[in-house]
Trainee: 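To start, I am sharing the structure in question, which I have written as structure tokens.
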Amino acid sequence: QVQLVESGGGLVQAGDSLRLSCAASGRTFGTYVMGWFRQAPGKEREFVAAVSWSAGDTYYADSVKGRFTISRDNAKSTVYLQMNSLKPEDTAVYYCAGSEQIYYRTSYYYQRSYGYWGQGAQVTVSS
């Protein structure tokens, strides 16, 4: 099993950058698919980004493509989400998620593909 703990959230202004980290416990982190989701007030949780176990494949929501970058360091059991050019609409609680295995590319985008979740980190972007 994997336990996930997010950090790095905060309050920033529009146009600023922020990096979220997700530290994982467990010896098999390097084999897990990792993703980031977010949930804004009054909205459903949505996919943000995901990375394969080898970091060879990355996936992004259209709303963050070109601004956010997901990466991982398997030696540190950590996955990152670098967020640049932040907008007020990026305000949300950001959740780190992990999956032991995802077979289909389309499945990377779905919450049900991930069995492990962090507690969430608040990101607030002021205009």
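Side chains included, hydrogens not; waters and symmetry mates left out as well; all remaining heavy atoms used.
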Trainee: Within the 3.5 Å criterion, strictly below it, is a donor on Thr91 or Glu89 matched to an acceptor on the partner's side chain?
Mentor: no
Trainee: From Tyr109 OH over to Tyr114 OH, what is the distance, rounded to the nearest 0.5 angstrom?
Mentor: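 That separation rounds to 9.5 Å.
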Trainee: Is there side-chain contact between Phe68 and Leu86, with at least one heavy-atom pair below 4.5 Å?
Mentor: yes
Trainee: Please find the pair of heavy atoms, one from Ser17 and one from Ser85, that lie closest to each other, and give the distance.
Mentor: OG-N, 4.3 Å
Trainee: Can you tell me if Gln111 has over 12 outside heavy atoms packed within less than 6.0 Å of its CD?
Mentor: yes
Trainee: Could you tell me which non-hydrogen atom of Val123 sits nearest to which non-hydrogen atom of Leu20, and how far apart they are?
Mentor: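 Smallest heavy-atom distance, with atoms named: CG2-CD2, 4.0 Å.
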Trainee: Return each pair, listed once, that meets salt bridge (charged side-chain N to carboxylate O under 4.0 Å, His left out) where at least one residue sits in residues 93-117; pairs must be two or more places apart or across chains.
Mentor: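 For residues 93-117, and leaving out neighbouring residues, there are no salt bridge (charged side-chain N to carboxylate O under 4.0 Å, His left out) pairs at all.
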Trainee: Looking only at heavy atoms, what is the nearest atom pair of Leu4 and Gly98, with distance?
Mentor: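 Scanning both residues, the minimum pair turns out to be CD1-N, 3.7 Å.
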Trainee: So if you build clusters from Ile, Leu, Val, Met, Phe, Trp, Tyr with side-chain heavy-atom gaps below 4.5 Å, do Phe47 and Trp36 land together?
Mentor: no
Trainee: Not counting sequence neighbours, which residues clear salt bridge (charged side-chain N to carboxylate O under 4.0 Å, His left out) with Arg67? List them please.
Mentor: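 Salt bridge (charged side-chain N to carboxylate O under 4.0 Å, His left out) list for Arg67, sorted by chain: Asp90.
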Trainee: What I'd like to find out is whether the side chain of Tyr95 reaches to under 4.5 Å of the side chain of Glu6, using heavy atoms alone.
Mentor: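 Counting from C-beta outward, Tyr95 and Glu6 do come under 4.5 Å.
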Trainee: Enumerate the disulfide (SG to SG under 2.5 Å) contacts for residues 77-127, please, sequence neighbours excluded, ordered by first and then second residue.
Mentor: Cys22-Cys96
Trainee: State yes or no: are the ring centers of Trp117 and Phe37 separated by less than 6.0 Å?
Mentor: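 Between Trp117 and Phe37, the centre distance is under 6.0 Å.
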Trainee: Let me check something: do Ile102 and Met34 share a hydrophobic cluster, defined by ILVMFWY side-chain heavy atoms less than 4.5 Å apart, either directly or through other members?
Mentor: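 In one cluster: no.
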Trainee: Name all pairs fulfilling the ring pair (Phe, Tyr, Trp, His ring centres under 6.0 Å) condition that reach into residues 3-32, sequence neighbours left out, sorted by first residue then second.
Mentor: Tyr32-Tyr116
Trainee: Just list the side-chain donor-acceptor pairs under 3.5 Å for residues 75-83, sequence neighbours left out, or say none.
Mentor:
residue	atom	partner	partner atom	Å
Thr78	OG1	Lys76	O	2.9
Gln82	NE2	Asn84	OD1	2.9

Trainee: Could you name each residue pair satisfying side-chain hydrogen bond (donor to acceptor under 3.5 Å, both in side chains) that touches residues 42-60, not counting sequence neighbours?
Mentor: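 Sorted result for residues 42-60: Arg38-Glu46.
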Trainee: Does the Ser99 side chain pair with the main chain of Ser113, one donor and one acceptor, at a distance under 3.5 Å?
Mentor: yes
Trainee: Just one of Thr124, Leu18, Val125 clears the side-chain contact (heavy atoms from CB on, under 4.5 Å) bar with Leu11, so which one?
Mentor: Thr124
Trainee: Find the distance between CZ (Arg72) and OG (Ser21) and round it off to the nearest 0.5 Å.
Mentor: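 Reported to 0.5 Å precision, the distance equals 13.5 Å.
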